[in-house]
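All ligand and atom numbering here is 1-based and tracks the order in the structure. Numbering of residues begins at 1 and proceeds along the displayed sequence.
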Amino acid sequence: MSDEANPFESLQSQIDDAAAHLDVGDDVIERLKHPERVLETNLTIERDDGDLERFKAFRSQFNGDRGPYKGGIRYHPGVSRDEVKALSGWMTYKTAIVDIPLGGGKGGIIVDPDDYSESELERLTRSFAKELRPMVGEDRDVPAPDVNTGQREMNWIKDTYETLENTSEPGVVTGKALDSGGSEGRVDATGRSTVIAAREAFDYLDKDLEGATVAVQGYGNAGWIAARLIDEMGATVVAASDSSGGIYNPDGFDPVAAKDHKNETGSVVGFEGGEEEITNDDVLTLDVDLLIPAALENAIDADLAEAVEADVISEAANGPLTPAADEVLEDKDVFVIPDILANAGGVTVSYFEWVQNRQRFYWSEQRVNEELEGIIVDAFDALVESYEEHDLENPRTAAYVVAVQRVADAFEEAGSWP
Ligand code: GLU
């Protein structure tokens, strides 16, 4: 992974690329390139051995013109103020391209959760929830899972908030377990939209998904579900990787068995269905029809992009390509389905969860998946319309043209206060 690109600067350059095709004033664009506010806080918890430890944490509320701030909370040693700001901006344009009535936010704690016990992580999460309490709420800001967080952390956040507020408000956070007010289909949602978007792109490009070869970088929740679902659609998953390395089998392998192996051993490496052990960079540069980067930001920089041989990329991760990599891939005619659309299934089903929480009426998994399908297909159609209308070279810019216009309209219609 390269760390050459600052993700916040990447976000701003993506907005600038779109602004060049929009009739929106520079003053408004300038506003839409910065978060409204960022909380920076120091959490202190007691370790199991009785010592105290301090952790830095952030929550960025980027834009709330289209609805409550919405976005996950990640636990990772690489979390930084600029990373959280970028991710909150990407959430803003993600909720806009899929046209759900939410804004954008993101949070993070600088921590490697592998180094802490479950009870330490519970104290840390509850401590962050206490700090967040004044700024979150189902009509204010609604956190969700992100890298290294999941249902367990969301249940703790909900419980802390409800206890302190003396209320029942499950919609304060999404991505909860079903028994705590979660939604059917939420766990699969990010991987599901990644493959729905890929299917639409193949259709648009007149390419056959049946038998297409697929490489998946990152085998966490987004990556492995995408692998399972694309396999069910008739494509052949030939490579996968995680932080320990990668596996490759030109004839394909069973993505579910690879996941079982990872559950047992901690990695896909060593899985008997993978003939060859390869590196993470090898997975990204294989000659495949579809590449799914599903790990962290900046996985592909300009140098690596020169070696990419995939025809289509569907970004399950947030920000996996640096802007310089984007330019290289544009010159090579690689069709990149941008993160704000490809992985928007997560926040879309979070939206459904929030709606269900507010109505106290729960949907079947079939209904969730059907509604998700409709939203992602509509967003892809909006991308294609903008791509053709503005004669764009890059699908990411096409998506941002639509999304920035929607946020700008809401901002301008609201007027200024005071
Ligand atoms: N963390 C996910 C994302 O980056 C989901 C956010 C949400 O559900 O609010 O889109």
Side-chain angles (χ1 to χ4, degrees), residues 7 11 58-64 66-76 79 83-98 100-109 132 136-138 140-151 153-155 157-158 170-177 181-194 196-197 218 220-223 225-226 293-297 314-320 337-357 368 371-372 375-376 379 399 403:
L11 163 78
F58 307 94
R59 179 79 182 168
S60 170
Q61 295 182 330
F62 196 92
N63 186 283
R66 301 182 69 262
Y69 309 98
K70 185 84 194 78
I73 293 177
R74 72 170 53 178
Y75 290 0
H76 196 276
V79 164
E83 185 197 50
V84 169
K85 281 161 61 181
L87 289 160
S88 68
W90 286 327
M91 286 309 304
T92 300
Y93 299 105
K94 190 182 300 188
T95 53
I97 183 69
V98 290
I100 56 178
L102 296 167
K106 196 72 144 211
I109 306 180
L132 290 173
V136 299
E138 64 181 12
R140 290 197 189 105
D141 182 353
V142 184
D146 198 79
V147 173
N148 290 332
T149 60
Q151 293 180 338
E153 288 74 16
M154 300 308 116
N155 300 344
I157 292 172
K158 167 183 174 275
V172 65
V173 64
T174 59
K176 303 175 294 288
S183 175
E184 296 285 354
R186 176 64 185 82
V187 172
D188 285 7
T190 306
R192 188 172 292 278
S193 65
T194 302
I196 294 172
N221 188 43
I225 299 283
L296 292 171
E297 299 95 72
S314 191
E315 296 183 327
N318 289 310
I337 311 162
D339 47 6
I340 59 168
L341 196 163
N343 72 35
V347 72
T348 301
V349 177
S350 276
Y351 164 55
F352 299 158
E353 180 174 332
W354 179 77
V355 167
Q356 293 169 75
N357 290 155
V368 168
E371 302 263 4
L372 174 62
I375 284 185
I376 299 301

Handout entry: For atom 9 (O) of ligand 1, closest protein heavy-atom neighbour
Key =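 Answer, as residue, atom name and distance: K70 NZ, 2.8 Å.
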Practice task
Just need the protein heavy atom nearest to atom 8 (O) of ligand 1, so name the residue and atom and give the distance.
Solution key: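 That would be S350 OG, 2.5 Å.
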Practice task
List the steps and the verdict of side chain to side chain contact (heavy atoms under 4.5 Å, CB included) for I157 and L132.
Solution key: CA-CA 9 Å; I157 292 172; L132 290 173; 5.6 Å; no
Practice task
Indicate yes or no: at least one non-hydrogen side-chain atom of V79 is less than 4.5 angstrom from one of H76.
Solution key: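 Heavy-atom side-chain distance check passes, below 4.5 Å.
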Problem - Contact check, P145 vs ligand 1, heavy-atom distance below 4.0 Å - result: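 Contact present.
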Exercise for the section: Begin from the C-alpha positions of F352 and I375 and carry the test side chain to side chain contact (heavy atoms under 4.5 Å, CB included) through to its verdict. Expected result: CA-CA 11 Å; F352 299 158; I375 284 185; 3.9 Å; yes
Per-atom contacts, ligand 1 versus [X] - under 4.0 Å to a heavy atom:
| X | value |
| --- | --- |
| K106 | 1 (N), 3 (C), 4 (O) |
| G346 | 8 (O) |
| D146 | 1 (N), 2 (C), 4 (O) |
| M91 | 3 (C), 4 (O), 6 (C), 10 (O) |

Practice task
From atom 5 (C) of ligand 1, work out which of M154, R74, R186, K94 has a heavy atom at the shortest distance.
Solution key: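 Shortest heavy-atom distance from atom 5 (C) of ligand 1: R186.
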Problem - Pair R186-S350, side-chain donor/acceptor within less than 3.5 Å - result: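 Checked: R186/S350 side chains pair up, N/O donor to acceptor below 3.5 Å.
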Practice task
From the options V172, V349, I100, L102, select the one residue that forms a side-chain contact (heavy atoms from CB on, under 4.5 Å) with W354.
Solution key: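 Exactly one pass, corresponding to L102.
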Practice task
Could you say whether the N/O atoms of N318 and ligand 1 ever approach to under 3.5 Å?
Solution key: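 For ligand 1, there is an N or O atom that lies under 3.5 Å from one belonging to N318.
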Handout entry: Distance-only N or O hit between ligand 1 and A144, under 3.5 Å
Key =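 So ligand 1 has no N or O lying under 3.5 Å from an N or O of A144.
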Handout entry: Electrostatic pair K158-E353, nearest N-O below 4.0 angstrom
Key =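 No, no charged N to carboxylate O under 4.0 Å.
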Exercise for the section: Could you tell me whether a side-chain N or O of N148 sits under 3.5 Å from a main-chain N or O of Y75, the two making a donor and an acceptor? Expected result: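 Yes, because the side chain of N148 sits within donor-acceptor range (under 3.5 Å) of the backbone of Y75.
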